[in-house]
Amino acid sequence: MGQKAVDIAKLDVDKLIQMLNEALAEEWLAYYQYWIGARMLEGPMRSEIEPELLLHATEELGHAELVADRIIQLGGTPLLNPDQWTKFARCDYEEPTDPYVEEILKQNLNGERCAIERYQEIADYTDGKDHATYQMAITILNDELEHEHDIEDFLADLERLKEDIKKLRL
Ligand code: FE
Ligand code: FE
Ligand code: MG
């Protein structure tokens, strides 16, 4: 545990560790949401969307590593039991019971929007007070913004595909 890391943080470190543990839980759930969703996926553009979802899954796991390491630096304990994930997470885990590509993408989109709020909040809380956590939050936030945009693009393409098919039927 880094004593100096704790000393220089000009904020409530316990509160920050709590927020980071919530973010950690959300990252693991986002990882699984993407990972299982990519495997269940059915429908148009599957071969393009599946690898992108798996890439996002890997990136969520990278976020979990950054967050867990920062919790330890701050003298906290990252969640030690997966039982805690759904209790700590503010973002819902949505079971991909309908494997249709649009449904899977919408579940991931909800997750991304929730993650964006989370890192915006952590950035706001640490801005000017804990530069290391702030920088980490911004790095992750930029990934989440990119994820959101990727999914919005896929959904827009699917929408366009549906419209084109409707035109063909007329
Ligand atoms: Fe993430
Ligand atoms: Fe993401
Ligand atoms: Mg991407």
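Just so you know, ligand 1 is whichever comes first in the structure, and atom 1 is the first atom listed for that ligand.
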Practice prompt. State the atom name: nearest N, O or S atom of H63 to the Fe ion (ligand 1).
Written response: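 The H63 atom nearest to the Fe ion (ligand 1), restricting to N, O or S, is ND1.
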(request) Check E27 and report its N/O/S atom nearest to the Fe ion (ligand 1), by atom name. (result)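 The nearest such atom is OE1.
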Before moving on, can you tell me the angle at the Mg ion (ligand 3) between the OE2 atom of E52 and the OD2 atom of D150, to the nearest 10 degrees?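 Between OE2 of E52 and OD2 of D150, at the Mg ion (ligand 3), the angle is about 100°.
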State whether the side chain of N21 and the backbone N or O of T77 hold a donor-acceptor pair below 3.5 Å, judged by distance alone.
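Between the backbone of T77 and the side chain of N21 there is a qualifying donor-acceptor contact (under 3.5 Å).
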query = Less than 4.0 Å between a side-chain N and a carboxylate O, is that true for R118 and E27?
reply =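 Answer for the salt bridge query: no.
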Value rounded to 0.5 Å, distance of NZ in K10 from NE2 in H131: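 Answer rounded to 0.5 Å: 5.5 Å.
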Original post:
Can you tell me if an N/O/S atom from H56 lies under 2.8 Å from the Mg ion (ligand 3)?
Top reply: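 Looking at H56, which is the residue asked about, there is an N, O or S atom under 2.8 Å from the Mg ion (ligand 3).
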Considering all heavy atoms, the nearest Y134-T126 contact: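 Nearest heavy atoms, Y134 then T126: CA-OG1, 3.3 Å.
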Worksheet item: Once rounded to 10 degrees, what value does the angle at the Fe ion (ligand 2) take between OE1 (E112) and ND1 (H147)?
Response: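 My answer is 110°, to the nearest 10°.
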Problem - Vertex the Fe ion (ligand 2), rays to OE1 in E144 and OE2 in E60 - rounded to 10° - result: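 Once rounded, the angle between the two atoms at the Fe ion (ligand 2) is 130°.
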N, O or S atom of E26 closer to the Fe ion (ligand 1) than 2.8 Å
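For E26, the answer is no, given that no N, O or S atom comes within less than 2.8 Å of the Fe ion (ligand 1).
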Decide side-chain contact (heavy atoms from CB on, under 4.5 Å) for E103 and Q107; before the verdict, give the C-alpha distance in whole Å, the side-chain angles of both, and the deciding distance to 0.1 Å. CA-CA 6 Å; E103 293 310 310; Q107 292 179 334; 5.6 Å; no
Do E144 and H147 get their side chains close enough for a donor-acceptor pair, meaning under 3.5 Å?
->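 Present: a donor and an acceptor within the cut-off.
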